[in-house]
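All heavy atoms count here, side chains included; hydrogens, waters and symmetry mates do not. Please read all numbers here as calculations on a predicted model, not as lab measurements.
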Amino acid sequence: MQNQKVLILDFGGQYNQLIARRVRECNVYCEVKPFDMSLEEIRAYDPLGIIFTGGPNSVYAPDSPHPDPGVYSLGVPILGICYGCQLLSHELGGLVTAAQDDSAREYGKTQTWFDTSCALFRGLPESSVTWMSHGDYMARVPEGFRLSAHSQACPTVGICDEKRKFYGVQFHPEVNHTEYGKQMLRNFLYEICGAVGDWTMADYKRRAIEEIRAKVGEGKVLLALSGGVDSSVAAALLAEAVGSQLTCVFVDHGLMRKNEGDEVEQAFAKWDINLIRCNEEQRFLTALAGVEEPEHKRKIIGEEFIRVFEREGKKIGSVDYLAQGTIYPDVIESGKGDAAVIKSHHNVGGLPDFVDFKEIIEPLRMLFKDEVRQLGRELGLPEYLVMRQPFPGPGLGIRVIGELTREKLDLLREADAIFREEVAAAGLDQVLNQYFAALTNMRSVGVMGDGRTYDYAIALRAVETSDFMTADWARIPYDVLDRVSVRIVNEVRGVNRVLYDVTAKPPATIEFE
């Protein structure tokens, strides 16, 4: 039996995959497709509803992305978000223009008022905070539409044509900053589209296993195993799907946290899988010597990873598929469709042009971090693996600002271990979603004993987030930060200053590079 499906047409915004996450949280299956999906393909998909995402363009620009105009005649409910809202207005007879003054432009948290007789806002408070990000303005709404939400600066925050079931909002209901955004999306799915909620993580597991078996057949699979949550869940999923056809390769690139290589090997030694550990520190540090630019570092790390996997694949013989634990935030930040590249992930945008495998398998590509954890539990993974601290594929390579050397990496390993020890001792390790130390490229004057020092500054980073697309800096108690600072300065030679990062995402990213 097929699940009910919602189609999300992607117009290039940075929050687009968050929409998919929120829809799936409501137990409704969805897929994100390019905006130029043909009408025939849309009909074949048979969507319960369609969501137009945000995007960086102006709808009236000659090169702006537009869907097949036949989408408006399918009799399917449509929700337009930000650019998608303006698209509805522009294409159905309204007028969208650049805001004439700064007051009509809205960015960030905005108090918004709703007409709760509109099905999209039914059951919600008449006023709450939404997250705005638009510089264009709907000066006139199309015939048949009425206004359903407004802010102090903008009278056309929300529009609806309830006869045709077309709805548009200027704000982003998919981000956590919009207080009742998830309820709005749920209203669209259940009240407007008629969803019954027939999709679960157990169903995703079943489908993924079926798809992997169908794709791989009798072939062999090589999994890039880092020991982090994503690759561990991918390993469990692939093991259940293809069993002995799977070989896991753990590449210790010398950019791991303190003792992590040994810990990963010990953790997976208990599993009934073929695990190969490759100690490649010298290879990676040689390739990275003298490189300071972050994107260049990521590209080199991605290239070297692939070359090691290719070498190991040849040793095994006739390996057809390379598997990776790529998840949605990796894909988004590496750039997809019309989206901007924030940073290349070594397993996505950092891949070389040529990869000597038949195909790359990424069974978690549609999932966010919290969903990956849910899937891990569904697969029976132990909680200590499911809740393991996220660690990026490039490792400490993107937590050392500037050129990488073994000395810098060793210094950072010690400082990071102290930070993680003190966070755990304070009972904060299950509260903070990600926390780590980074080595800045800054040296400053200090005094230790009666002598002058000129040493590095360590930056501490800790965030709270549910999806890793947006994050807030964690309010760690001062006494914990004090203990960390005193220990690092006293125990790690070469550091005389400790800083704490109090920047949210956005505007920052969680990692430093």
Side-chain angles (χ1 to χ4, degrees), residues 2-24 26 28-92 96 142 161 164-169 172-174 185 188-189 192-195 198-199 204 207-208 211 214-215 326 328-332 334-341 348-349 359-360 362-363 365-368:
Q2 288 291 318
N3 292 104
Q4 292 181 322
K5 296 178 292 186
V6 165
L7 175 63
I8 300 172
L9 291 183
D10 184 353
F11 292 91
Q14 289 297 335
Y15 297 136
N16 294 350
Q17 311 303 339
L18 269 180
I19 302 171
R21 181 178 178 275
R22 300 297 180 230
V23 172
R24 293 197 297 265
C26 294
V28 178
Y29 182 74
C30 65
E31 293 181 22
V32 180
K33 298 290 187 180
F35 70 89
D36 57 357
M37 186 179 186
S38 72
L39 191 62
E40 292 71 23
E41 290 173 320
I42 294 174
R43 283 199 182 100
Y45 185 86
D46 190 25
L48 186 70
I50 298 173
I51 298 177
F52 292 170
T53 74
N57 302 93
S58 293
V59 295
Y60 48 80
D63 59 348
S64 62
H66 292 257
D68 189 307
V71 72
Y72 303 108
S73 303
L74 292 175
V76 175
I78 297 175
L79 171 62
I81 295 174
C82 197
Y83 176 88
C85 174
Q86 295 166 4
L87 196 61
L88 277 174
S89 182
H90 176 75
E91 295 204 326
L92 296 177
V96 178
D161 178 342
R164 288 186 287 179
K165 297 187 177 181
F166 292 165
Y167 299 80
V169 292
H172 289 270
E174 69 273 22
L185 289 171
F188 176 70
L189 297 170
I192 297 167
C193 297
D198 61 359
W199 186 82
Y204 185 91
R207 285 172 177 270
E211 290 171 3
K215 180 184 291 290
T326 307
Y328 247 161
D330 300 341
V331 176
I332 300 160
S334 294
K336 179 176 181 289
D338 288 341
V341 174
V348 187
E359 194 170 339
I360 294 177
E362 297 170 317
R365 193 180 179 90
M366 291 290 288
L367 301 182
F368 286 86

**Test salt bridge (charged side-chain N to carboxylate O under 4.0 Å, His left out) applied to Glu31 - qualifying residues, sequence neighbours left out** = Lys33
**Asked** In chain order, what residues pass the salt bridge (charged side-chain N to carboxylate O under 4.0 Å, His left out) check against Arg164, with sequence neighbours excluded?
**Response** Asp161
**Request:** With the side chain counted from C-beta on, respond yes when Cys82 and Tyr15 share a heavy-atom pair under 4.5 Å apart, and no when they do not.
**Result:** no
**Item:** All salt bridge (charged side-chain N to carboxylate O under 4.0 Å, His left out) counterparts of Lys5, not counting sequence neighbours
**Value:** none
**Request:** Go through the steps for Leu39 and Leu74 under the test side-chain contact (heavy atoms from CB on, under 4.5 Å), then give the verdict.
**Result:** CA-CA 9 Å; Leu39 191 62; Leu74 292 175; 4.0 Å; yes
**Fill in**
Heavy-atom closest pair (Pro56 atom, Gly13 atom, distance to 0.1 Å) is CD-N, 4.2 Å
**Request:** Output the distance between atom CG (Leu48) and atom CG (Asn3), rounded to the nearest 0.5 Å.
**Result:** 11.0 Å
**Message:** Tell me whether the rings of Tyr29 and Trp199 are parallel (<30°), tilted (30 to 60°) or perpendicular (>60°).
**Reply:** tilted
**Any side-chain heavy-atom pair of His172 and Leu18 under 4.5 Å** = no
**Distance-minimising heavy-atom pair for Arg24 and Cys30** = CG-SG, 3.8 Å
**Message:** Just verifying a value: how many Å separate Lys215 NZ and Glu211 CD, rounded to the nearest 0.5 Å?
**Reply:** 8.5 Å
**Asked** Tell me the salt bridge (Lys or Arg N to Asp or Glu O under 4.0 Å) pairs involving residues 11-22, sequence neighbours left out?
**Response** Arg21-Glu25, Arg21-Asp370, Arg22-Glu25, Arg22-Asp467
**Message:** I want to check something: taking the side chain as every heavy atom from C-beta on, are Val23 and Ile51 in contact at a cut-off of under 4.5 Å?
**Reply:** yes
**Message:** Set out, in order, the CA-CA distance, both residues' side-chain angles and the distance that settles side-chain contact (heavy atoms from CB on, under 4.5 Å) for Ile42 and Ile50, then state yes or no.
**Reply:** CA-CA 10 Å; Ile42 294 174; Ile50 298 173; 4.2 Å; yes
**Request:** Compare every heavy atom of Cys193 with every heavy atom of Gly49, then report the nearest pair and how far apart it is.
**Result:** CA-SG, 3.8 Å
**Message:** Going by the rule salt bridge (charged side-chain N to carboxylate O under 4.0 Å, His left out), which residues pair with Asp68 if we only count those two or more places apart in sequence or in a different chain?
**Reply:** none
**Request:** Would you check if the side chain of Asn57 reaches a backbone N or O of Val59 as a donor-acceptor pair within less than 3.5 Å?
**Result:** no
**Fill in**
Here the gap from Leu185 atom CG to Ile192 atom CD1, rounded to the nearest 0.5 Å, amounts to 10.0 Å
**Request:** State, to 0.1 Å, how close His66 and Phe35 come at their nearest heavy-atom pair, and which atoms those are.
**Result:** O-CD1, 3.4 Å
**Item:** Non-hydrogen atoms of Cys85 and Val169 that approach each other most closely
**Value:** CB-O, 3.3 Å
**Request:** Hey, could you give me the CD1/CG distance between Ile81 and Leu87, rounded to the nearest 0.5 Å?
**Result:** 12.5 Å
**Prompt:** Do you know which two heavy atoms are closest between Tyr72 and Pro67, and how far apart they sit?
**Reply:** OH-CG, 4.0 Å
**Message:** Applying side chain to side chain donor-acceptor pair (under 3.5 Å) as the test, list every pair that has at least one member in residues 41-50; sequence neighbours left out.
**Reply:** Ser38-Glu41
**Message:** Could you measure the distance from the CG atom of Asp36 to the CZ atom of Phe11? Nearest 0.5 Å is fine.
**Reply:** 9.0 Å
**Message:** Let me confirm one number: the CD1-CG distance from Ile8 to Asn16, rounded to the nearest 0.5 Å.
**Reply:** 8.5 Å
